[in-house]
Q: 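First the structure, which I've put down as structure tokens, then a few questions once you've had a look.
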Amino acid sequence: MTQADITTDVVIVGAGPVGLSLAMDLQSRGVQVTMAETRRYAEPPNVKCNHVAARTMERFRTLGVAQKLRNAGLPPDHPNDVAFRTSVTGLELTRIPIPSREHRYTATGGPDTWWPTPEPPHRINQLFLEPILLEHTASLPGVQLLNRTQVTSFEQDASGVTATAIDLDTGHERRIRGRFLVGCDGGSSTVRKAIGAKLEGTPVIQRVQSTYIRAPGLLARIPQPRAWSYYSVNPRRCGTVFAIDGYETWLVHNHLNPSEPEFDSVDRDWSIRQILGVGEDFQYDVISKEDWVGRRLVADRFRDRNVFIAGDAAHLWVPYAGYGMNAGIADALNLSWLLAARLQGWGGERILDAYEAERQPITDQVSRFAMDHAAKMIKARSAVPADIETNAAERERMGREAYELNVQQFCCAGLNFGYFYDRSPIIVRDGETPPEYTMGDFTESTVPGCRAPHFWLPDGRSLYDAFGKGYTLLRFDGTADVVPLASAAAARGMPLTVLELEGVERPAAYRHKLLLCRDDQHVAWRGDEVPSDPAALVQRLCGDA
């Protein structure tokens, strides 16, 4: 039996954080969305992601969910610190201070409080994050969520995609017709396989025996102050423990050594006790086993005509710096405005080429940052001194080295604000090279392709709060005539908001009178006057050039 067909603008396969973010953003642009998700509505996700990056939070601010997320997760006063200890209950080697959520906007000092953004990062597990995104997205007009629905195949033609989906509870089939289809369906993505894209890179970097536990008595045994994450460093087992609810639930990562090729190579219970630093008398319950393999894989292409892939469907890597889920959401937010431009008629066909041209090189680069850090961490874990628990000098040395190595991944301003798009067909380069960046550091820049540096407006709004859909022209000098560009944009139907900023205090990186920004905050063009052929610039920005 075939149910009634569904017609929509965009079909999204998968309703995890990446798919939900894409749906929210598309809906905010007036795009109709149908989502197919194999899980039941509100079925709990895996205990995977623990961190929402600043760039992600900036967009969630625009979409109206940032504060909802800030109010969820660990208790308001729970430190988000990262503590390095001989065991979770053992001796402390060092600590990376990160403010609790009640002090996230006001804290000063330390390596994680200088963020040039209206929305600093937020530590929250996916268990709390995803339900908020789901409830918000499901309530939006224009979004249809089909749970217990699996897309089994699709066919493309010149004007769109027709997907065949099966109801997993009844076995009924239905056809879903959309102009575009996006696979946000994870590492084993059926959409990626269907378009013939292949993951390339390093298939195994490290295996992690991961266990989600309930241990009500652990918190009382941990030397104060509390932390969000504990790195356990001793010669028996090295692991990482995340506080999930701040009271009794924890995620324990047991990092397997190269000589331990299988998830059951070592006893799980023994390993957990060595990482926690507790004896046989300590009671805990296993809620679930969450074992995973650290990889560095990036798809050789992100698109086949009207079908795209995003998130884990397009790339998988060791989630250092919390840039697994966040990179996927960055994919979704990059793709969203391009799809909307095409659907609204002002974006030309080539505007869609920008997605792969921009996101694939960045995800490849970020994956190499993560792999390099993983290699350093594996080396550090293999070099733990046998007497670390009795030798204060060794603990001091290990603490110093651990801080220097890890502060960049937990306070990763470079990964948030430093990356740039230098191969895009819709960004007008002007000969200046974007500044290099690392995981932890970056230099603010307005070179086309970079993120427009943040500053606050006199009325208290963030610069990004004032951005319009499509493009925003920042006018820092009132003598610069912008009428020809505004007229060319209007003739083409390209959305353009002109923001008057003469005399407004701003970062030194803003050296030009005019700066044209996309609504994903990346600079598309800059200059001291409008080009002599503004229509040609508009053509380029719309993907017609």
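Position 1 is the first residue of the sequence; numbering continues from there.
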Q: Name all residues meeting the side chain to side chain contact (heavy atoms under 4.5 Å, CB included) criterion together with Arg301; count only those two or more places apart in sequence or in a different chain, and write none if there are none.
A: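 Per chain and number, Arg301 pairs via side chain to side chain contact (heavy atoms under 4.5 Å, CB included) with Ala197, Asp304, Glu356.
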Q: For residues Ser210 and Asp291, report the shortest heavy-atom separation together with the two atoms involved.
A: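 Scanning both residues, the minimum pair turns out to be N-OD1, 2.8 Å.
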Q: My understanding is that only residues two or more places apart in sequence, or in another chain, count here; which of them pass ring pair (Phe, Tyr, Trp, His ring centres under 6.0 Å) with Phe60?
A: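 Result, ring pair (Phe, Tyr, Trp, His ring centres under 6.0 Å) vs Phe60: none returned.
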Q: When the ring centroid of Trp250 is compared with that of Phe242, is the distance short of 6.0 Å?
A: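 Centroid separation for Trp250 and Phe242: 6.0 Å or greater.
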Q: Anything under 30° is parallel, anything over 60° is perpendicular, the rest tilted; go ahead and classify His253 against Trp292.
A: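 Because their plane-to-plane angle is over 60°, the rings of His253 and Trp292 count as perpendicular.
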Q: Check the side chains of Thr190 and Asp185 for a donor-acceptor pair under 3.5 angstrom, ignoring hydrogens and angles.
A: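 There is such a pair (donor and acceptor under 3.5 Å, judged by atom type) between the side chains of Asp185 and Thr190.
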Q: Among all residues two or more places apart in sequence or in another chain, which pass the side chain to side chain contact (heavy atoms under 4.5 Å, CB included) test with Ala330?
A: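 Counting only residues at least two positions away or on another chain, Ala330 forms a side chain to side chain contact (heavy atoms under 4.5 Å, CB included) with Arg359, Tyr419.
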Q: Below 4.5 Å, heavy atoms only, C-beta onward: do Leu22 and Leu26 meet side chain to side chain?
A: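 Answer yes - side chains close enough.
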Q: As a test of understanding, state which of Trp337, Tyr464, Tyr421 forms a ring pair (Phe, Tyr, Trp, His ring centres under 6.0 Å) with His522.
A: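 With His522 as partner, Trp337, Tyr464, Tyr421 yield a single ring pair (Phe, Tyr, Trp, His ring centres under 6.0 Å), made by Tyr421.
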Q: Regarding Arg518 and Asp520, does a basic nitrogen lie under 4.0 Å from an acidic carboxylate oxygen?
A: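 Result for this pair is yes, salt bridge flagged.
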Q: Does a donor on one side chain sit under 3.5 Å from an acceptor on the other, for Asn234 and Ser87?
A: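 Absent: no donor and acceptor within the cut-off.
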Q: Start with the C-alpha distance between Asp281 and Arg273, add both sets of side-chain angles, then the distance that settles salt bridge (Lys or Arg N to Asp or Glu O under 4.0 Å), and finish with yes or no.
A: CA-CA 10 Å; Asp281 61 323; Arg273 294 183 186 279; 5.9 Å; no
Q: Not counting sequence neighbours, list each pair that qualifies as a salt bridge (charged side-chain N to carboxylate O under 4.0 Å, His left out) and has a residue in residues 200-210.
A: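 Non-adjacent pairs meeting salt bridge (charged side-chain N to carboxylate O under 4.0 Å, His left out): zero.
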Q: Any salt bridge between Arg296 and Asp364, counting N to O under 4.0 Å?
A: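 Salt bridge between Arg296 and Asp364, a charged N being under 4.0 Å from a carboxylate O: yes.
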Q: Quick one: pull up CG in Leu333 and OG1 in Thr56 and give me the separation to the nearest 0.5 Å.
A: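 Between Leu333 CG and Thr56 OG1, I get 7.0 Å after rounding to 0.5 Å.
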Q: Report the residues that fulfil side-chain hydrogen bond (donor to acceptor under 3.5 Å, both in side chains) with Glu394, sequence neighbours left out, ordered by chain and then residue number.
A: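 Here the qualifying residues are Arg397.
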Q: Would Ile388 and Leu93 count as a side-chain contact (heavy atoms from CB on, under 4.5 Å) if you check the C-alpha gap in whole Å, the side-chain angles of each, and the deciding distance to 0.1 Å?
A: CA-CA 10 Å; Ile388 190 170; Leu93 310 179; 4.1 Å; yes
Q: Could you list the residues that satisfy side chain to side chain contact (heavy atoms under 4.5 Å, CB included) with Arg423, not counting sequence neighbours?
A: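 Side chain to side chain contact (heavy atoms under 4.5 Å, CB included) list for Arg423, sorted by chain: Pro361.
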Q: Please list all pairs meeting salt bridge (charged side-chain N to carboxylate O under 4.0 Å, His left out) that have one or both residues in residues 44-61, counting only residues at least two apart or in different chains.
A: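 Listed once each, the pairs are Asp25-Arg59, Arg55-Glu58, Glu58-Arg451, Arg61-Glu119, Arg61-Asp465.
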Q: Holding to side-chain hydrogen bond (donor to acceptor under 3.5 Å, both in side chains), I want the full list of residues that pass it with Arg221, two or more places apart in sequence or in another chain.
A: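 Counting only residues at least two positions away or on another chain, Arg221 forms no side-chain hydrogen bond (donor to acceptor under 3.5 Å, both in side chains).
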Q: Report the relative orientation of the aromatic rings in Trp114 and Phe442; use parallel for angles under 30°, tilted for 30 to 60°, perpendicular for over 60°.
A: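 Taking Phe442 first and then Trp114, their aromatic rings lie parallel (interplane angle under 30°).
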Q: Determine, using ring centers only, whether Trp115 and Phe417 are less than 6.0 Å apart.
A: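 Centroid separation for Phe417 and Trp115: below 6.0 Å.
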Q: Does Arg368 pair with Asp372 as a salt bridge, N-O distance under 4.0 Å?
A: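 Between Asp372 and Arg368 there is no salt bridge, as every charged N stays at least 4.0 Å from the carboxylate O atoms.
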Q: Measuring from atom OG1 of Thr86 to atom CE of Met398, what distance do you get when rounded to the nearest 0.5 angstrom?
A: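 Going from the OG1 atom of Thr86 to the CE atom of Met398 covers 11.0 Å.
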Q: Closest heavy-atom contact between Ser462 and Leu457?
A: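 Heavy atoms of Ser462 and Leu457 come nearest at O-CD1, 3.9 Å.
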Q: What salt bridge (charged side-chain N to carboxylate O under 4.0 Å, His left out) pairs are there with at least one residue in residues 236-245, not counting sequence neighbours?
A: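 Only Arg236-Glu389, Arg237-Glu260 qualify under salt bridge (charged side-chain N to carboxylate O under 4.0 Å, His left out).
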Q: Please name all residues satisfying ring pair (Phe, Tyr, Trp, His ring centres under 6.0 Å) with Trp456, sequence neighbours left out, ordered by chain then number.
A: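 Listed in chain order: His454.
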Q: Tell me every residue that passes side chain to side chain contact (heavy atoms under 4.5 Å, CB included) with Ile287, counting only those two or more places apart in sequence or in another chain.
A: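 So Ile287 forms a side chain to side chain contact (heavy atoms under 4.5 Å, CB included) with Tyr212, Arg214, Thr249.
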Q: Tell me, please, which residues at least two apart from Tyr284 pass ring pair (Phe, Tyr, Trp, His ring centres under 6.0 Å).
A: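 Result, ring pair (Phe, Tyr, Trp, His ring centres under 6.0 Å) vs Tyr284: none returned.
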Q: Hey, what's the ring geometry for Tyr355 with Phe308, parallel, tilted or perpendicular (30° and 60° as the breaks)?
A: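 The arrangement is perpendicular - the two ring planes meet at more than 60°.
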Q: Do Ile205 and Trp317 pass the side-chain contact (heavy atoms from CB on, under 4.5 Å) test, and can you show the C-alpha distance, the side-chain angles, and the key distance before you say yes or no?
A: CA-CA 9 Å; Ile205 296 174; Trp317 58 70; over 6 Å; no
Q: Is Glu436 atom CD crowded by more than 12 heavy atoms from other residues, nucleotides or ligands, each under 6.0 Å away?
A: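 Check fails, neighbour count at 12 or below.
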